[in-house]
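Sequential numbering from 1 along the given sequence is applied to the chain's residues. Counting starts at 1 for both ligands and their atoms, in listed order.
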Amino acid sequence: MKTIILAGGGHAHLTILEKLSESPVPDTKWILISSDVYQYYSGMFSGFIEGLYTLEEIRIDLRKLAFKANCEFYEASVEKVDADNKTLIAGHNHLSFDLLSFDIGSHTANPEIKGLAEYQTALKPAHLFPQFIQTLQDSKNVAIIGGGAAACEIALSLAAWKKEQHRKCDRISLVHSGELLEAHGPKARRLITERLNRSHIARYPNERAALIKKETIYTNNHTEIPFKQLIYLGGANAPEIFRKSGLTVNEDGFLSVNTMLQSIDAPFIFGAGDCASLTAYPDLEKNGVHAVRQGPILWHNLLAALNRQPLKDYHPQNASLAILSTGSKKGLWLHGNKAFYGTMVWHIKNNIDRRFIRRFKT
Ligand SMILES: Cc1cc2nc3c(=O)[nH]c(=O)nc-3n(C[C@H](O)[C@H](O)[C@H](O)COP(=O)(O)OP(=O)(O)OC[C@H]3O[C@@H](n4cnc5c(N)ncnc54)[C@H](O)[C@@H]3O)c2cc1C
């Protein structure tokens, strides 16, 4: 009997569980270890903040999904891997494996900003998300560091919620060192700037947060930005486990994998989603789209590795579609340099997101 451990209930592993319940694999023991019973779907975070979805509508019950797939479930965080002995530690559990797959996501952290860890409200790892939302909604002054899709989306959703609740005096600020939606061209920037202005979100462009003290951000330009609650959405940070376990990582600490999603020095360890970095595509954006698309390849490759069959490659598409919820059931469609804004866009996003969640509801 071979043992395959899935570490983390991320997007790619959801597909593995789905496939496993459709096509059981004989003589193989599957174990899912995840930090929380629920996997929270980040595509719907903004809608949840705005009050458009309930908690139940944005999360997937991993225990039930694993049960359906005849997979053991441990609610624990994987802390360390011993690749030489093919064992790992997760809470009180010391487990052996033949194959191990990581899909544990990333963290909203940045060790270069002093004081951030102490003062930020962390939205990732994903299971941390729901407990802080009410604090953000109730706060009179929320500052968000970041100018990408997630930062803009969260700022706009929070603004929409506050408008609906007539909290006119509350303040939301966006602090960003680079261009807004940097990956997407001038039209996207114009549209998102309009949305942020209309929502009265205070912007601090060209400001790089350097130091956080109680209720103040200090930037490289010596600007002081006050806040009551702080969110960092300026980029994904690697989980510590890979460095701690001596596995090969990229310069930012993400697990280095080849196009077959195998760790480059331990082929029996796989990695997908945010936590892994494809050596062939070092600049690949960290988003849920890639994590989802890697799922079927990962499934094929785990079975192929088990049966000593040829593995498949994951080659990402050049530009993936991103749809931002911009508040009040409107959305911004981004594909490469193309950008559209409107109600229809939000409805398309809503349909895609609800369909995704439905796939994994048991
Ligand atoms: C606010 C926000 C909004 C976003 N919106 C979008 C969007 O609309 N579209 C999009 O494509 N991307 C979006 N993203 C990016 C997206 O969230 C990530 O790229 C995506 O979640 C990555 O998926 P994943 O499968 O790698 O990991 P995750 O979805 O983060 O899942 C990882 C899982 O592993 C578990 N876990 C973590 N550590 C451990 C451990 N040590 N041991 C065991 N389990 C562990 C976690 O609890 C979680 O269940 C957003 C990000 C943020 C922060």
Legend entry - Validation row: L17, H13 side chains within 4.5 angstrom (heavy atoms): no

Legend entry - Closest approach of any protein heavy atom to atom 23 (O) of ligand 1, naming residue and atom: H11 ND1, 3.0 Å

Inset, instruction - Give the residue, atom name and distance (to 0.1 Å) of the protein heavy atom nearest atom 11 (O) of ligand 1. - result: G288 N, 2.8 Å

Legend entry - D36 N/O to ligand 1 N/O under 3.5 Å: no

Legend entry - Identity and separation of the nearest protein heavy atom to atom 24 (P) of ligand 1: D103 OD1, 3.4 Å

Legend entry - Top protein contact for atom 41 (N) of ligand 1, by heavy-atom distance: V78 O, 3.1 Å

Legend entry - N237 (side chain) donor-acceptor with H107 (main chain) under 3.5 angstrom: no

Legend entry - Nearest-contact summary for atom 47 (O) of ligand 1 - protein heavy atom, Å: H127 ND1, 2.8 Å

Legend entry - Backbone of R59 reached by a side-chain donor or acceptor of K361 within 3.5 Å: yes

Inset, instruction - Please determine which of L255, V257, D265 meets the side-chain contact (heavy atoms from CB on, under 4.5 Å) test together with T248. - result: D265

Legend entry - Atoms in ligand 1 with a heavy atom of I33 nearer than 4.0 Å: 43 (C), 44 (N)

Legend entry - L233 neighbourhood, listing ligand 1 atoms whose heavy-atom distance to it stays under 4.0 Å: 53 (C)

Inset, instruction - Compute the shortest N/O to N/O distance between Q39 and ligand 1 and return yes if it is under 3.5 Å, no if not. - result: yes

Inset, instruction - Indicate, with yes or no, if W333 and L181 share a hydrophobic cluster defined by side-chain heavy-atom contacts under 4.5 Å among Ile, Leu, Val, Met, Phe, Trp and Tyr. - result: no

Inset, instruction - Go through ligand 1 atom by atom and flag the ones less than 4.0 Å from a non-hydrogen atom of K286. - result: 19 (O)

Legend entry - atom 35 (C) of ligand 1 [closest protein heavy-atom partner, distance rounded to 0.1 Å]: S34 OG, 3.5 Å

Inset, instruction - Look only at interatomic distance and state if S35 has a nitrogen or oxygen under 3.5 Å from any nitrogen or oxygen of ligand 1. - result: yes

Legend entry - Within 45° cone and under 6.0 Å: K330 NZ/CZ vs Y341 ring: no

Legend entry - Residue-ligand contact A90/ligand 1, heavy atom below 4.0 Å: no

Inset, instruction - Distance to 0.1 Å, residue and atom name: give those for the protein heavy atom nearest to atom 21 (O) of ligand 1. - result: K124 NZ, 2.9 Å

Legend entry - Per-atom contacts, ligand 1 versus G43 - under 4.0 Å to a heavy atom: 7 (C), 8 (O)

Inset, instruction - May I ask you to check whether S77 has an N/O atom sitting below 3.5 Å from an N/O atom of ligand 1? - result: no

Legend entry - Minimum side-chain heavy-atom gap L136-I231 below 4.5 Å: yes

Legend entry - NZ or CZ of K29 within 45° of F97 ring axis and under 6.0 Å: no

Inset, instruction - Within a distance under 4.0 Å of any heavy atom of F45, pick out the atoms of ligand 1 and give their elements. - result: 1 (C)

Legend entry - Y41: which of F48, F356, Y53, F360 passes ring pair (Phe, Tyr, Trp, His ring centres under 6.0 Å): F356

Inset, instruction - Identify the protein heavy atom lying closest to atom 6 (C) of ligand 1, giving its residue, its atom name and the separation to 0.1 Å. - result: S42 OG, 4.0 Å

Inset, instruction - Look only at interatomic distance and state if D274 has a nitrogen or oxygen under 3.5 Å from any nitrogen or oxygen of ligand 1. - result: yes

Legend entry - Min side-chain heavy-atom separation V37-L62 under 4.5 Å: no

Inset, instruction - Can you confirm whether something in the protein, heavy atoms only, sits under 4.0 Å from atom 9 (N) of ligand 1? - result: no

